[in-house]
Amino acid sequence: MKRTKIFKLLNSETPIKDVLIKGWVRTRRDSKTFSFLEINDGSCLKNVQVIADSGLDNYDAINRISTGSAVAVSGELTPSKGSGQKWEVQATDIDILHMSPDSFPLQKKRHSDEYLRSIAHLRPRTNKYGAAFRIRSELSYAIHTFFRDRDFRYIHTPIITGSDCEGAGEMFRLTTFDFKNIPEIDGKTDFNQDFFGKEANLTVSGQLSAEMFALSLGDVYTFGPTFRAENSNTSRHAAEFWMIEPEMAFCDLEGNMDLGEEMVKYLATFILDECKDDLDLFARFVDKQLMNTLENIAESTYVRLPYTEAVDILTHSKFKFEYDVSYGKDLQSEHERYLTEKHFKKPVILYNYPKTIKPFYMRLNDDNKTVAAMDVLVPRIGEIIGGSQREERLDILEHRMDETGLNKENYWWYLDSRRYGSVEHSGFGLGFERLIMLVTGISNIRDVIPFPRTPKNIDF
RNA sequence: UCCCCAGUAGCUCAGUUGGCAGAGCGAGUGGCUGUUAACCACUAAGUCCGCGGUUCAAGUCCGUGCUGGGGAGCCA
């Protein structure tokens, strides 16, 4: 007999004579002539209540089943005589697949996030983390749906890159050298002898590759892991994280902002509609304001504000900031939060930043001082999207590379796209973990990725 | 990398002026009950993060290291 997932069972319209469920015991409550077992199989937040009658041949063993044990239960789905649930399973046979000894680290009580991080291999068996990772999966699906509905193509950009810099931070080096015997030439490492014959790194962004495909297939996106070797110790940064990077040909900054806003709204709406049970857990136990925040993000029209006007608002604000605001400096976290949480009370898209604080590939505006960049800022998380219209004019792009000290030879292929049929195009990056933090209210990035990689932490 | 805070039972934490190591939850045992993270009683459980110092005496004070958390910078 095939097992039925608990999610399906609990949504049944009618009683079912014969069912088989398999899962892990969350708790056991004994009565005189029978026991209640709460079984969870990960298919949904809810457990199913199983009635184990003392008449079962292995009742002695059933009475010793502990939290964490795995069981297979055959029986009948019947309306519950108790008041807490619609259905329950009256067991005719309980096969104890594996007993969990009492050293099982998860107890029938709340644990701290810090403790659960130390048992990251077991935490998906808790309500909160089960819900978080189901939502992570649903959001992945929603992202692909969003793009496919809009005729975008999914591009797999390389994880290993030969570019010495993609303009987005410190990189992890990749080599097959024997560290005890690294070949040198003229006192320097001889990368000619390394696997690729030159320096290789893990990617920090798929953008430059994605641009090549946007300039071939039209509208494309990437969705994959990204690696930054920054020594960042915050609740919003990880060394390995997933990023979604759409890139659109024949699209200017305004079209780019339109897509960013539409996408964030779509994803918030999707989660509100499709993940009610799991979302409800976060709204009750993690962030009481979660539903308001999500509805605000799903429904409000995002403010679009040039960087200079943002600086004006901030300098004229009576609010006391720890750091001063002035034109030409990047905004601090506290400034972004002020704009989204206090001043506008909704998401804000800032655009046209000074070129001095943005990378070389962003398109220079006619004022010669700003670039066509845009950041989508949301309450509580801050920057969730960073993007721009790309510089499509070869001479200006080369000039910007010189200004920022990049070696143009390494980017010959990138520059080729501006030599042959160059057109305006735009794109952005959306941090997948930050999106999950936004929709769940979870405040630490380490708790929305299965096995987080942060400085000095690579267990599991 | 910088600033701040913390580390005590399996977990969450209390521990006063330096003076015998504590509670709740969990676990074990017994009881009770169509129960709902059940309830009642009893029992077991400790390298007080490591190292060094001050002191008659250190969980407590000082130094240092490690680990974790919050914030900043970098960004997604």
Side-chain angles (χ1 to χ4, degrees), chain A residues 25-38 40 46-53 64 66-68 78-85 88 90 100-119 126-127 166-170 204-207 225-245 260 285 321-323 329-337 357-359 375-378 381-387 428-438 443-449 454-457 459:
Chain A
V25 175
R26 284 294 177 81
T27 179
R28 191 192 83 231
R29 294 182 291 272
D30 298 324
S31 184
K32 191 162 221 127
T33 55
F34 56 92
S35 293
F36 298 101
L37 294 174
E38 292 280 341
N40 188 287
K46 290 200 178 87
N47 307 322
V48 68
Q49 174 165 287
V50 169
I51 314 301
D53 200 83
R64 289 196 301 273
S66 52
T67 302
T78 59
S80 178
K81 292 178 201 161
S83 60
Q85 56 283 316
E88 64 190 17
Q90 185 73 46
S100 181
D102 60 19
S103 56
F104 183 58
L106 292 171
Q107 300 172 4
K108 297 185 284 187
K109 60 171 226 164
R110 274 190 90 150
H111 290 287
S112 67
D113 292 329
E114 292 79 10
Y115 172 66
L116 291 169
R117 258 168 238 157
S118 74
I119 49 167
T126 64
N127 287 340
E166 288 167 336
E170 291 294 312
V204 293
S205 163
Q207 181 201 312
T226 311
F227 308 88
R228 305 264 169 102
E230 304 284 353
N231 188 13
S232 297
N233 291 284
T234 82
S235 54
R236 299 184 313 284
H237 293 84
E240 178 182 297
F241 63 99
W242 286 60
M243 193 153 61
I244 298 112
E245 295 177 290
F285 299 118
F321 294 109
E322 197 175 329
Y323 293 91
K329 278 201 286 190
D330 213 350
L331 301 182
Q332 307 279 324
S333 296
E334 57 171 342
H335 305 139
E336 296 179 353
R337 293 189 68 151
I357 56 173
K358 290 290 179 185
D375 287 353
V376 179
L377 312 177
V378 291
I381 304 291
E383 185 181 338
I384 193 165
I385 283 179
F428 61 79
L430 183 150
F432 188 46
E433 283 73 21
R434 290 194 182 170
L435 179 72
I436 302 167
M437 291 167 74
L438 176 69
S443 56
N444 196 312
I445 195 168
R446 297 170 182 88
D447 299 332
V448 297
I449 189 163
T454 51
K456 302 273 189 294
N457 183 1
D459 282 344

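To find a chain, count down the sequence lines: A is the first, B the second, and so on, and within it residues start at 1.
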Kindly say if A:T234 contacts the phosphate of B:rC74, meaning a side-chain N or O under 4.0 Å from OP1 or OP2. no
Looking at A:R29, does any N or O in its side chain come under 4.0 Å of the phosphate oxygens OP1/OP2 on B:rA38? yes
Counting just side-chain N and O atoms, does A:S333 come under 4.0 Å of either OP1 or OP2 of B:rG73? yes
For B:rC32, what is the paired nucleotide under Watson-Crick or G-U wobble rules, both distances under 3.5 Å? none
Can a donor-acceptor pair under 3.5 Å be found between the side-chain atoms of A:D30 and the base atoms of B:rU33? no
Give a yes/no on whether any side-chain N or O of A:T27 is located under 4.0 angstrom from OP1 or OP2 of B:rA38. yes
Using OP1 and OP2 only, check whether a side-chain N or O of A:N231 sits under 4.0 Å from B:rC2. no
Planes under 30° and centres closer than 5.5 Å, is that true for A:F241 with the base of B:rA76? yes
Taking 4.0 Å as the cut-off, does a side-chain nitrogen or oxygen of A:R236 come that near to OP1 or OP2 on B:rA72? yes
For B:rU12, take OP1 and OP2 only and decide whether either is under 4.0 Å from a side-chain N or O of A:S112. yes
Paired with B:rU1: which nucleotide, if any, by Watson-Crick or G-U wobble criteria at under 3.5 Å for both distances? B:rA72
Any N or O donor-acceptor pair under 3.5 Å from the base of B:rA37 to the side chain of A:R110? no
Between A:R446 and B:rG69, is there a contact of a side-chain N or O with OP1 or OP2 at under 4.0 Å? yes
Under 4.0 angstrom between A:R117 side-chain N/O and B:rG69 OP1 or OP2: yes
Ignoring hydrogens and geometry beyond distance, is the side chain of A:R434 in donor-acceptor contact with the base of B:rC75 at under 3.5 Å? yes
Between A:K108 and B:rG26, is there a contact of a side-chain N or O with OP1 or OP2 at under 4.0 Å? no
